[in-house]
Amino acid sequence: MKKVLLQGAMDIETNYLTEQVTKMENYQCHQENDMVFHIGTDGNKTYIVNQTGMGTVKAAMATAYALSAFHPTLVVNQGTAGAQSKELSTGDVVLVQEAVNINALSMPKKKMGEGSDPFYWEGFHTTYYQADEILLDLYSKPVYTTGRMVRGNAATGDIYSREDDRIVWLAEKFRTICEDMETAAVYEVCEKFQTPCIGLRIISNNELLDEEFNTESAELLQHFVWEVTHDYL
């Protein structure tokens, strides 16, 4: 039997998935401190839905606990992301091939009064964590009609970038096309647990195109993820 861990950071990124699982006859809710896991079985698959909370630490904690407690056979981390390229706009989906932690930065020494220049900061022990290739192929097969679907790398950090020059700098420095707060942390934990993982990110806004954050994009992605996970996996 497959056991699928479905993750999202915020309630708008998990509400629809949670609703599908709570409809199942054998539904149960498991709580551990502030972590809540909605669990249901349908046919030959068990679904575990968890709202991890925002940020790398919360995502890593929730993933490590879920892998230890429930032993899922695969992890699907999904949610919203900001675009780092003018080629992407709201509603497009990124299949995250690799994710990198952009919080790990080192900077040249500057004396008092010499100021700060983030454009001279360098990646520090930069590591690219990879998605499972079989899952990448699986989730790329169904037709996604709401926008474009592309493969690319995600930048993960505990920041909300709104400076155009900085967004472009991050994309060039780390070879990424979108930015979120969880994917790299989840990928790293799954790598340690040797559990197949995939991340999907729907573009909720693009600062380079002056797009505002679109909350409806989160549910669009959940519908797609649920369809593929339920019908194709």
Side-chain angles (χ1 to χ4, degrees), residues 1-81 95-96 98-101 103 127 129-136 138-139 154 156-158 180-202 218-219 221-230 232-233:
M1 175 178 287
K2 289 187 174 69
K3 296 176 72 174
V4 185
L5 175 63
L6 296 163
Q7 301 176 309
M10 302 182 287
D11 54 358
I12 62 170
E13 297 174 332
T14 54
N15 283 341
Y16 177 78
L17 296 174
T18 299
E19 180 184 348
Q20 305 316 303
V21 173
T22 56
K23 292 176 182 177
M24 297 176 182
E25 291 184 3
N26 63 345
Y27 164 75
Q28 57 182 294
C29 181
H30 177 93
Q31 298 188 47
E32 183 70 25
N33 297 323
D34 291 333
M35 294 181 290
V36 180
F37 299 88
H38 302 278
I39 306 169
T41 300
D42 183 24
N44 65 342
K45 287 192 284 288
T46 294
Y47 304 94
I48 306 158
V49 177
N50 172 235
Q51 181 184 329
T52 65
M54 294 175 62
T56 55
V57 174
K58 289 182 179 179
M61 286 175 55
T63 305
Y65 178 83
L67 292 174
S68 298
F70 307 116
H71 307 289
T73 53
L74 63 102
V75 176
V76 180
N77 180 268
Q78 55 82 47
T80 57
L95 295 169
V96 182
E98 295 182 323
V100 57
N101 179 4
N103 286 339
T127 303
Y129 299 98
Q130 298 181 340
D132 181 80
E133 281 293 335
I134 294 176
L135 292 177
L136 281 172
L138 175 72
Y139 281 84
T156 298
D158 293 311
D180 65 55
M181 297 184 180
E182 296 84 27
T183 306
V186 173
Y187 275 22
E188 182 175 3
V189 173
C190 287
E191 180 181 288
K192 295 293 188 292
F193 279 78
Q194 297 183 324
T195 302
C197 180
I198 184 174
L200 297 94
R201 291 285 157 174
I202 191 164
E219 184 164 335
L221 180 58
Q222 289 174 76
H223 280 266
F224 176 77
V225 167
W226 181 254
E227 177 186 353
V228 177
T229 306
H230 188 267
Y232 293 85
L233 187 62

In Å and rounded to the nearest 0.5 Å, what is the CG to CD1 distance from L5 to I48?
6.0 Å
Strictly distance-based, threshold 3.5 Å: is any side-chain N or O of D180 a donor or acceptor partner for the main-chain N or O of A154?
no
Taking all heavy atoms of L135 and all of D132, pick out the closest pair and write down the distance.
N-OD2, 3.0 Å
Please evaluate residues I39 and F70 with respect to the criterion side-chain contact (heavy atoms from CB on, under 4.5 Å), reporting the C-alpha separation (whole Å), side-chain torsions for both, the decisive distance (0.1 Å), and the verdict.
CA-CA 10 Å; I39 306 169; F70 307 116; 3.7 Å; yes
Without swapping roles, check the side chain of E182 against the backbone of G55 for a donor-acceptor pair under 3.5 Å.
yes
Over 60° means perpendicular and under 30° means parallel, so classify the ring planes of Y47 and W226, tilted if in between.
tilted
For D11, does the CG atom have more than 12 heavy-atom neighbours from other residues, nucleotides or ligands under 6.0 Å away?
yes
Which is it for V36 and H38 under the side-chain contact (heavy atoms from CB on, under 4.5 Å) test, yes or no, and what are the steps along the way?
CA-CA 7 Å; V36 180; H38 302 278; 3.7 Å; yes
Ignoring hydrogens, what is the shortest heavy-atom contact between F37 and A62? Give both atom names and the distance.
CZ-O, 4.1 Å
Taken to the nearest 0.5 Å, the spacing of M61 CE from K58 NZ works out to 9.0 Å
Please report the interatomic distance CD(E32) to CE(M35), rounded to the nearest 0.5 Å.
6.0 Å
Apply salt bridge (Lys or Arg N to Asp or Glu O under 4.0 Å) to E19 and list each qualifying residue two or more places apart in sequence or on a separate chain.
K23
Taking it one step at a time, do Y139 and V76 satisfy side-chain contact (heavy atoms from CB on, under 4.5 Å)?
CA-CA 10 Å; Y139 281 84; V76 180; 3.4 Å; yes
Closest non-hydrogen atoms of A81 and R201, given as atom of the first, atom of the second and distance, are CB-CB, 3.7 Å
Atom pair OG1 (T80) and CE (M10), whose distance is rounded to the nearest 0.5 Å:
4.0 Å
Using a 4.5 Å cut-off on heavy atoms from C-beta on, say whether the side chain of T41 contacts that of M1.
yes
Answer with yes or no whether the side chains of T156 and N101 bring together a donor and an acceptor at under 3.5 Å.
no
Distance check, rounded to the nearest 0.5 Å: L200 atom CG versus L95 atom CG?
5.0 Å
Sub-3.5 Å donor-acceptor pair from the side chain of K2 to the main-chain atoms of T73, do we have one?
no
I need the minimum non-hydrogen distance between T229 and V4, along with the two atoms involved.
CG2-CG1, 3.9 Å
Over all heavy atoms of both residues, which pair between T127 and V100 is shortest? Give the atoms and the distance, please.
O-CG2, 3.5 Å
If we ignore angles and hydrogens, is there a donor and acceptor under 3.5 Å between the side chains of E219 and H223?
yes
Main-chain N/O of Y16 paired with Q222 side-chain donor or acceptor, under 3.5 Å:
yes
Between L67 and C190, does the side-chain contact (heavy atoms from CB on, under 4.5 Å) criterion hold? Intermediate values first, please.
CA-CA 8 Å; L67 292 174; C190 287; 4.3 Å; yes
May I ask you to decide if Q78's main-chain N or O and Q7's side chain share a donor-acceptor pair within less than 3.5 Å?
no
Distance, nearest 0.5 Å, that separates CD1 of I198 from OH of Y187
6.0 Å
Return the minimal non-hydrogen interatomic distance between A59 and V186, and the atom names on each side.
CB-CG2, 4.0 Å
Non-hydrogen side-chain atoms of L233 and L74 separated by less than 4.5 Å
yes
